[in-house]
Engineer: 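Okay, here's the structure, questions in a sec.
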Amino acid sequence: MAIRDNERSIRRALWWLLGLSVVTRCILAATIEFGNDEVYYWTYALYPDWSHFDHPPMVGWMIQLFSLNLWLDSEFFIRLSSIVFMTLNTFLMFRIGKELKDSLTGLYAALLYTASIYAFVITGVFILPDTPLSLFWLLAFWMAVKYFRAEQPRNLHLMLIGLFTGLAILSKYTGVFIWVGLGLYILLFDRKHLKNPFLYLSVLVSLVCCLPILYWNLQNDFVSLGFHGNRVSLFGKPNFSYFGTELAGEFLYNNPVNFILSIIAIVAAFRGKISVGKPISRLVLCSALPLIIVFLFFSLTRPTLPHWNAPAFILLIFLIACKIKSMKPIIASLAVLLLVVGIGFAEIQTGFIPLDHNTQADRLGHDDFTLDMYGWRQLETKFAVVRESHIAEGVMHEEDGIIADQWFPLANLDYYVARPLHLRVMGMGQPENLHKYLWINAERGGFHPGESYWFLSDSRYMKYPEALYHDAFETIQPLDTISIERGGRVVKNFFVYACRNLK
């Protein structure tokens, strides 16, 4: 595949890329059920606040904006900001690459970005805090490129760095690494900017953007910052399985081809072999490597998630785009994306790859992670029938809600079962397991003696209410089993219990 090195041909290829990407991701967003994290962030829009237990508020605000405050309450519209932002990000990759070198470099960057599983699926289809983070991260880096490359730097660009970094932090705490990277670059290579008072004013703009986070944490004993502080540690007993899992995740999430090209590009940049020049290579490396190194270090002693440092790998794409000379590695990267997306979508919908080999009814589906995004719509239809039959028998009542002991499946049951059936979902468990449901419980009036609740336990994460709530209710009774089918076979079960008369 060859692309003519002229503006018209490159622009045409870019618009085709954007169009095909949008159509594909719209189909995925509309047909795949929410994952556990996604449906949990729906509660951020359902009960908006200045910040939340797990993350800052931006993802909830974006869901509200693009779903018209949940008036358009479907998977597609709740995920719509991901579709829009990934499209904008792809165009930003082109514009930044063009500014760094030329239009062909910009197109290479846009293609490699599209090939990233993190960019295309995790932030481009699924709705996560990384969705707005990725947009503001790229906008901040774009302004940084404009500011540091200019012979006469404009303070407007510097102020916009502060604004976009503040919005990135409002999306996810790791947005602070934008300033870490730029600060490192200034200290090591461009210290004259330390004399510019607008640099400190720009940092102040970022801090002002963070006031909602500070206000919420002050009201709630800094519970969010404490929660994230416990997820990482500077010291601890080494566990190299964590480190290996982190590396394997980065290899997959960022696309294996992109990952290998990133390592090659880092080595080339340190050796001065990137044609864009040392200042830009240094800016990219300083902006990307701290985040990557920090979470690799944390993974030596704690479980980490590979998308935590994925924004840094996106910046490394610019070094790759400046170095490669042909479309061959890009075609290979896009082929990997198509393979992963195609197999993943088919597996979620049909289960054609046997990932689970459990035969016990209460462990069915335990090893099949794709079932997190399948069967919830089916559950609502079947539970409605079960519920009506037990209400008719007098075992339960119309007003009885649903309980669970953890944020998932609380949010899944809330969105897919309770919302269409107009039921109340409450979290009854340890605070560290309930997360935002501690606040949702209060919004929904709390618990009262004499109340009864349904308890639905998924065989993928089987829990028994007798063990959880034996002192809380007068009686706990198993009522029914709901089987979830996929591809003509039962793939997991939901066990329905009645928890009656709260003490």
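None of these values were measured; they are calculated from a predicted model. Just so it is clear, the values below take in all heavy atoms, side chains as well, and ignore hydrogens, waters and symmetry mates.
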Engineer: Between the side chain of R25 and the main-chain N/O of G124, is any donor-acceptor distance below 3.5 Å?
Structural biologist: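 Indeed, once roles are kept as given, a pair shorter than 3.5 Å links the two residues.
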
Engineer: Flag yes if more than 12 heavy atoms outside F270 fall under 6.0 Å of its CZ atom; otherwise flag no.
Structural biologist: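 Atom CZ in F270 is not crowded, with 12 or fewer foreign heavy atoms closer than 6.0 Å.
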
Engineer: Check the angle between the aromatic planes of H435 and F53 and answer parallel, tilted or perpendicular using the 30° and 60° thresholds.
Structural biologist: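 Rings of H435 and F53: tilted, 30 to 60°.
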
Engineer: Measure the CH2-CG distance between W50 and L218 for me, rounded to the nearest 0.5 Å.
Structural biologist: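 The distance works out to 14.0 Å.
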
Engineer: What class does the angle between the rings of F243 and F240 fall in, given that below 30° is parallel, 30 to 60° is tilted and above 60° is perpendicular?
Structural biologist: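 The arrangement is perpendicular - the two ring planes meet at more than 60°.
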
Engineer: Looking just at side-chain N and O atoms, do D54 and Y41 make a donor-acceptor pair shorter than 3.5 Å?
Structural biologist: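 There is no such pair (donor and acceptor under 3.5 Å, judged by atom type) between the side chains of D54 and Y41.
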
Engineer: Indicate yes or no: at least one non-hydrogen side-chain atom of P409 is less than 4.5 angstrom from one of L456.
Structural biologist: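 The answer is no; the side chains never approach within 4.5 Å.
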
Engineer: If we ignore hydrogens and angles and just use 3.5 Å, is the side chain of E380 paired with the main-chain N or O of Y416 as donor and acceptor?
Structural biologist: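 No; judged by distance alone, with no hydrogens or angles, the pair does not exist.
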
Engineer: Calculate, to the nearest 0.5 Å, the distance between atoms CD and CG belonging to E75 and L80 respectively.
Structural biologist: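 CG of L80 is found 13.5 Å from CD of E75.
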
Engineer: To the nearest 0.5 Å, how far apart are OG in S262 and CD1 in I317?
Structural biologist: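 The CD1 atom of I317 is 7.0 Å from OG of S262, to the nearest 0.5 Å.
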
Engineer: To the closest 0.5 Å, what do you measure between CG (L410) and CH2 (W407)?
Structural biologist: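 CH2 of W407 is found 10.5 Å from CG of L410.
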
Engineer: Scan residues 70-106 for pairs that pass ring-ring contact (aromatic ring centres under 6.0 Å, His included), counting only residues two or more places apart or in two chains.
Structural biologist: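 ring-ring contact (aromatic ring centres under 6.0 Å, His included) check on residues 70-106 returns F66-F85.
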
Engineer: Looking at residues at least two apart in the chain, or sitting in another chain, which of them share a salt bridge (Lys or Arg N to Asp or Glu O under 4.0 Å) with E99?
Structural biologist: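 For E99 the salt bridge (Lys or Arg N to Asp or Glu O under 4.0 Å) partners, ignoring immediate neighbours, are K146.
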
Engineer: Are side-chain heavy atoms of L315 and L138 found at a separation under 4.5 Å?
Structural biologist: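 Of all side-chain heavy-atom pairs linking L138 with L315, at least one is under 4.5 Å.
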
Engineer: Distance only, no hydrogens: is a donor on one side chain within 3.5 Å (strictly under) of an acceptor on the other, for H55 and Y44?
Structural biologist: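 The criterion, which ignores hydrogens and geometry beyond distance, is not satisfied for Y44 and H55.
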
Engineer: Between the main-chain N or O of L296 and the side-chain N or O of E246, is there a donor-acceptor pair closer than 3.5 Å?
Structural biologist: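 The answer is no, because no donor-acceptor pair under 3.5 Å joins these two groups.
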
Engineer: With distance as the sole test, does R486 use its side chain to make a donor-acceptor pair with the main-chain N or O of I348 at under 3.5 Å?
Structural biologist: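 Flag set: sc R486 to bb I348 pair under 3.5 Å.
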
Engineer: Using side-chain heavy atoms (C-beta onward) and a distance below 4.5 Å, is S51 in contact with P57?
Structural biologist: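 Touching, per the 4.5 Å side-chain cut-off.
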
Engineer: Quiz question: by atom type and distance under 3.5 Å, do the side chains of R444 and Y437 form a donor-acceptor pair?
Structural biologist: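 The answer is no; no qualifying pair exists.
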
Engineer: Any chance you could lay out the side-chain contact (heavy atoms from CB on, under 4.5 Å) test for T123 and L128, step after step, and finish with the verdict?
Structural biologist: CA-CA 7 Å; T123 68; L128 300 171; over 6 Å; no

Engineer: Could you pull out the closest heavy-atom pair between Y415 and P420, with the gap in Å?
Structural biologist: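 Shortest heavy-atom contact: O-CD, 3.4 Å.
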
Engineer: Taking side chain to side chain donor-acceptor pair (under 3.5 Å) as the criterion, tell me which of D372, D368, D356 meets it with R460.
Structural biologist: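 Of the listed options, the one satisfying the test is D372.
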
Engineer: Checking side-chain polar atoms at under 3.5 Å, does S134 have a donor or acceptor matched by the opposite partner on N89?
Structural biologist: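 Looking only at side-chain atoms, N89 and S134 do form a donor-acceptor pair, the distance falling under 3.5 Å.
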
Engineer: Can you list the steps and then say if F295 with T174 is a side-chain contact (heavy atoms from CB on, under 4.5 Å)?
Structural biologist: CA-CA 11 Å; F295 282 109; T174 47; 3.8 Å; yes

Engineer: Can you tell me if T43 uses its side chain to pair, donor with acceptor, with the backbone of V39 under 3.5 Å?
Structural biologist: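 No; judged by distance alone, with no hydrogens or angles, the pair does not exist.
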
Engineer: Aromatic contact between H157 and F148, with the criterion being ring centroids under 6.0 Å apart: yes or no?
Structural biologist: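 No, ring centres 6.0 Å or more apart.
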
Engineer: Could you tell me which residues satisfy ring pair (Phe, Tyr, Trp, His ring centres under 6.0 Å) with Y242, sequence neighbours excluded, listed by chain and number?
Structural biologist: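 Result, ring pair (Phe, Tyr, Trp, His ring centres under 6.0 Å) vs Y242: none returned.
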
Engineer: Taking the side chain as every heavy atom from C-beta outward, state whether W42 and E38 have any atom pair closer than 4.5 Å.
Structural biologist: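 Not in contact.
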
Engineer: List for me each residue that meets side-chain hydrogen bond (donor to acceptor under 3.5 Å, both in side chains) alongside N441, sequence neighbours excluded, and say none if there are none.
Structural biologist: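 Partners of N441 by the side-chain hydrogen bond (donor to acceptor under 3.5 Å, both in side chains) criterion come out as none, since no residue qualifies.
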
Engineer: Please list, chain by chain and in numerical order, all residues satisfying side-chain hydrogen bond (donor to acceptor under 3.5 Å, both in side chains) with R149, sequence neighbours excluded.
Structural biologist: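 Per chain and number, R149 pairs via side-chain hydrogen bond (donor to acceptor under 3.5 Å, both in side chains) with no residue.
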
Engineer: Less than 3.5 Å apart, any donor N or O on the side chain of S67 or R79 sitting next to an acceptor on the other?
Structural biologist: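 Result is no, nothing qualifies.
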
Engineer: Do the non-hydrogen side-chain atoms of I169 and I213 ever get within less than 4.5 Å of each other?
Structural biologist: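 Yes, their side chains come closer than 4.5 Å.
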
Engineer: Taking salt bridge (Lys or Arg N to Asp or Glu O under 4.0 Å) as the test, write out the residues that go with E250, two or more places apart.
Structural biologist: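 Once residues adjacent in sequence are excluded, E250 has no partner under the salt bridge (Lys or Arg N to Asp or Glu O under 4.0 Å) criterion.
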
Engineer: Is there side-chain contact between L135 and L92, with heavy atoms separated by less than 4.5 Å?
Structural biologist: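 Of all side-chain heavy-atom pairs linking L92 with L135, at least one is under 4.5 Å.
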
Engineer: Hey, is CZ on F198 packed in by over 12 heavy atoms from elsewhere, all under 6.0 Å?
Structural biologist: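 Not buried by this count: 12 neighbours or fewer within 6.0 Å.
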
Engineer: Is there a donor-acceptor pair under 3.5 Å between the side chain of D221 and the backbone N or O of V223?
Structural biologist: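 No; zero donor-acceptor contacts below 3.5 Å.
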
Engineer: How many angstroms lie between atom CG of L291 and atom CG of N309, to the nearest 0.5 angstrom?
Structural biologist: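 If we round to the nearest 0.5 Å, L291:CG and N309:CG are 5.5 Å apart.
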
Engineer: Who pairs with D405 by salt bridge (Lys or Arg N to Asp or Glu O under 4.0 Å), at least two apart in sequence or on another chain?
Structural biologist: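 D405 satisfies salt bridge (Lys or Arg N to Asp or Glu O under 4.0 Å) with K463 only.
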
Engineer: Between Y40 (side chain only) and K436 (backbone N and O only), is there a donor and an acceptor less than 3.5 Å apart?
Structural biologist: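 Yes; judged by distance alone, with no hydrogens or angles, the pair exists.
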
Engineer: My understanding is that only residues two or more places apart in sequence, or in another chain, count here; which of them pass side-chain hydrogen bond (donor to acceptor under 3.5 Å, both in side chains) with W61?
Structural biologist: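 Counting only residues at least two positions away or on another chain, W61 forms no side-chain hydrogen bond (donor to acceptor under 3.5 Å, both in side chains).
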
Engineer: Indicate, with yes or no, if the rings of F177 and W308 have centres closer together than 6.0 Å.
Structural biologist: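 So the answer is no for these two rings.
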
Engineer: Side chains of residues 280-289: which donor-acceptor pairs under 3.5 Å do they make with residues two or more places apart or in other chains?
Structural biologist:
| from | atom 1 | to | atom 2 | distance (Å) |
| --- | --- | --- | --- | --- |
| S281 | OG | G277 | O | 3.1 |
| S287 | OG | L283 | O | 2.8 |

Engineer: Would you say the side chains of S81 and T131 form a donor-acceptor pair under 3.5 Å?
Structural biologist: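 There is no such pair between these side chains.
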
Engineer: If we ignore angles and hydrogens, is there a donor and acceptor under 3.5 Å between the side chains of W216 and D49?
Structural biologist: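 Yes.
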
Engineer: Among side-chain atoms of S333 and N258, is any donor-acceptor pair under 3.5 angstrom?
Structural biologist: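 A donor-acceptor contact under 3.5 Å links the two side chains.
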
Engineer: Should H366 and Y461 count as side-chain neighbours, where that means a heavy-atom distance under 4.5 Å?
Structural biologist: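 No. Closest side-chain heavy atoms not under 4.5 Å.
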
Engineer: For K101, is there any backbone N or O sitting under 3.5 Å from a side-chain donor or acceptor partner on T105?
Structural biologist: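 Side chain of T105 to backbone of K101, a donor-acceptor pair under 3.5 Å: no, none is there.
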
Engineer: We want to know whether S206 and W179 form a side-chain donor-acceptor pair, criterion being a heavy-atom distance below 3.5 angstrom.
Structural biologist: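 The criterion, which ignores hydrogens and geometry beyond distance, is satisfied for W179 and S206.
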
Engineer: Quick one: salt bridge (Lys or Arg N to Asp or Glu O under 4.0 Å) partners of R419, sequence neighbours excluded?
Structural biologist: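 Applying salt bridge (Lys or Arg N to Asp or Glu O under 4.0 Å) to R419 gives D73.
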
Engineer: Do F141 and F318 have ring centroids that are under 6.0 Å from one another?
Structural biologist: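 Ring centres of F141 and F318 closer than 6.0 Å.
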
Engineer: Is the CZ atom of R154 crowded by more than 12 outside heavy atoms at less than 6.0 Å?
Structural biologist: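 No, the 6.0 Å shell around CZ holds no more than 12 heavy atoms from other groups.
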
Engineer: Please identify each residue that fulfils side-chain contact (heavy atoms from CB on, under 4.5 Å) with P48, with sequence neighbours left out.
Structural biologist: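 With sequence neighbours excluded, P48 shows a side-chain contact (heavy atoms from CB on, under 4.5 Å) to Q64, given in chain and number order.
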
Engineer: How about F313 and Y118: are their ring centroids closer than 6.0 Å?
Structural biologist: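 Not under 6.0 Å, so no.
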
Engineer: Going by heavy atoms in the side chains, are V59 and H52 under 4.5 Å from each other?
Structural biologist: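 Side chain of V59 against side chain of H52, heavy atoms only: no contact under 4.5 Å found.
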
Engineer: Tell me which pairs pass salt bridge (Lys or Arg N to Asp or Glu O under 4.0 Å) where either residue lies in residues 124-135, with sequence neighbours left out.
Structural biologist: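 Every pair satisfying salt bridge (Lys or Arg N to Asp or Glu O under 4.0 Å) with a residue in residues 124-135: D130-K172.
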
Engineer: CG/L107 to CG/L112 distance, rounded to the nearest 0.5 angstrom?
Structural biologist: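 Rounded to the nearest 0.5 Å, the CG-CG separation comes out at 9.5 Å.
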
Engineer: For the residue pair Y253 and H307, does the interplanar ring angle fall in the parallel (under 30°), tilted (30 to 60°) or perpendicular (over 60°) class?
Structural biologist: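 Y253 and H307: parallel rings.
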
Engineer: Does NZ or CZ of K98 come closer than 6.0 Å to the centre of the six-membered ring of W142, within 45° of the ring's axis?
Structural biologist: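 Geometry flag: not set, cation outside 6.0 Å or 45°.
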
